[in-house]
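Below is one structure, written out as structure tokens; the observations come after it.
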Amino acid sequence: MNKNAFRQLSYGVYVVSTWDKGRATGCTANSVMQITSDPATIAVSINHDNYTNQCIRDTGRFAVSILGEHSNPGIIGAFGFKSGRDNNKFDEVKSEVRSYLPIVSDACAYLVCELIDKMETSTHTVFLGKVLDADVLKKDDPMTYAYYHNVIKGKSPKNAPTYIAEEQPVQQSTPAAKYACSVCGYVYEGEVPFEELPDDYVCPICGQPKSVFVKK
Ligand SMILES: Cc1cc2nc3c(=O)[nH]c(=O)nc-3n(C[C@H](O)[C@H](O)[C@H](O)COP(=O)(O)O)c2cc1C
């Protein structure tokens, strides 16, 4: 099986939130999808080890804050790389309560759900939620998982369902174009395609800027 095929699936970037005995908590998730339109139903896949998993079971409700391209990327870090077991994640971001559930204010839309079913896999629970309330918070393009990786240059921790797929090196059908420094002749052969290197990349040999590189 070529796990690079999984990298062709598309996702968004969300904060899935709920209550922990009166305290707001939640985690970053990419695995949210709409299942039906009427009645409006969505599903989300949450790792067994994530504290959010236990809290959704206990509360029987959860919300999804849909992050936009202009949402503060720090939200993804605050909710995605530490646990609500020992952190008050909502202290770090502006939030509000909609239909009795905590949501992130700096999101482009939100959904509030009642837990109606769940399915266990070996590592994750798929929670099925009936949508009780939903609204658009601001005009923004929803952030895609690809945008998070390619533009924000973000990473995903091991509890993200996509983690293993991301660790596989991409096998390209055609080799990536090579670029050489026109000053010292150094040929760039790194894993990141040359076009995607940051603008402040400099030649490791002679220190000249990215702009002096030429395609071979
Ligand atoms: C971009 C991104 C996407 C993620 N997607 C998921 C996901 O779909 N499901 C999941 O269980 N964890 C996902 N995670 C990992 C959790 O957010 C992370 O393990 C978090 O620390 C769990 O917090 P908690 O213990 O408070 O629930 C993702 C993290 C990032 C950064």
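In each ligand, atom 1 is the first atom listed, and ligand 1 is the first ligand listed.
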Could you check which of Tyr51, Phe79, Tyr148 puts a non-hydrogen atom nearest to atom 20 (C) of ligand 1?
Phe79
Any nitrogen or oxygen of Asp49 lying under 3.5 Å from a nitrogen or oxygen in ligand 1? Just yes or no.
no
Would Thr25 count as a contact residue for ligand 1, given that I'm defining contact as a non-hydrogen atom of the residue lying under 4.0 Å from a ligand atom?
no
Pairwise side-chain contact, Arg57 with Phe127, heavy-atom cut-off 4.5 Å (strictly under):
yes
Asp20 and Arg85 ion-paired at < 4.0 Å
no
For side chain to side chain contact (heavy atoms under 4.5 Å, CB included), just list the numbers for Tyr14 and Val44, CA-CA rounded to whole Å, side-chain angles, deciding distance to a tenth of an Å, and then say yes or no.
CA-CA 10 Å; Tyr14 313 96; Val44 56; over 6 Å; no
Nearest protein heavy-atom contact for atom 8 (O) of ligand 1: which residue, which atom, what distance?
Ser31 OG, 2.7 Å
Closer than 4.0 angstrom: is that true for some heavy atom of Gly26 and an atom of ligand 1?
yes
Can you tell which of Thr18, Thr162, Val13, Thr28 gets a heavy atom nearest to atom 16 (C) of ligand 1?
Thr28
Polar proximity ligand 1 side, Arg85 side, N/O cut 3.5 Å exclusive
no
So, using ring-ring contact (aromatic ring centres under 6.0 Å, His included) as the criterion, who are the partners of Tyr147 when residues are at least two apart?
none
Report yes if the side chains of Asp133 and Leu101 come closer than 4.5 Å at any heavy-atom pair, otherwise no.
no
Checking a contact table here: which protein heavy atom is nearest atom 9 (N) of ligand 1, and how many Å away?
Ser45 O, 2.9 Å
Residue pair Tyr51 / Thr25, side-chain donor-acceptor N/O under 3.5 Å:
no
Looking only at heavy atoms, is any part of Tyr145 under 4.0 Å from ligand 1, and if so is it the side chain, the backbone, or both, or is it neither?
side chain
Ring centre gap for Phe194 and Tyr179 strictly below 6.0 Å:
yes
Does ligand 1 have an atom that lies less than 4.0 angstrom from a heavy atom of Lys158?
no
No-hydrogen, no-angle side-chain donor-acceptor test under 3.5 Å, Asn50 and Asn159
yes
Which atoms from ligand 1 have a heavy atom of Gly84 less than 4.0 Å away?
24 (P), 25 (O), 26 (O)
For atom 23 (O) of ligand 1, which candidate among Gln54, Lys89, His48 holds the nearest heavy atom?
Lys89
Counting heavy atoms only, name the option from Asn50, Asn30, Ile46 that's nearest to atom 5 (N) of ligand 1.
Asn30
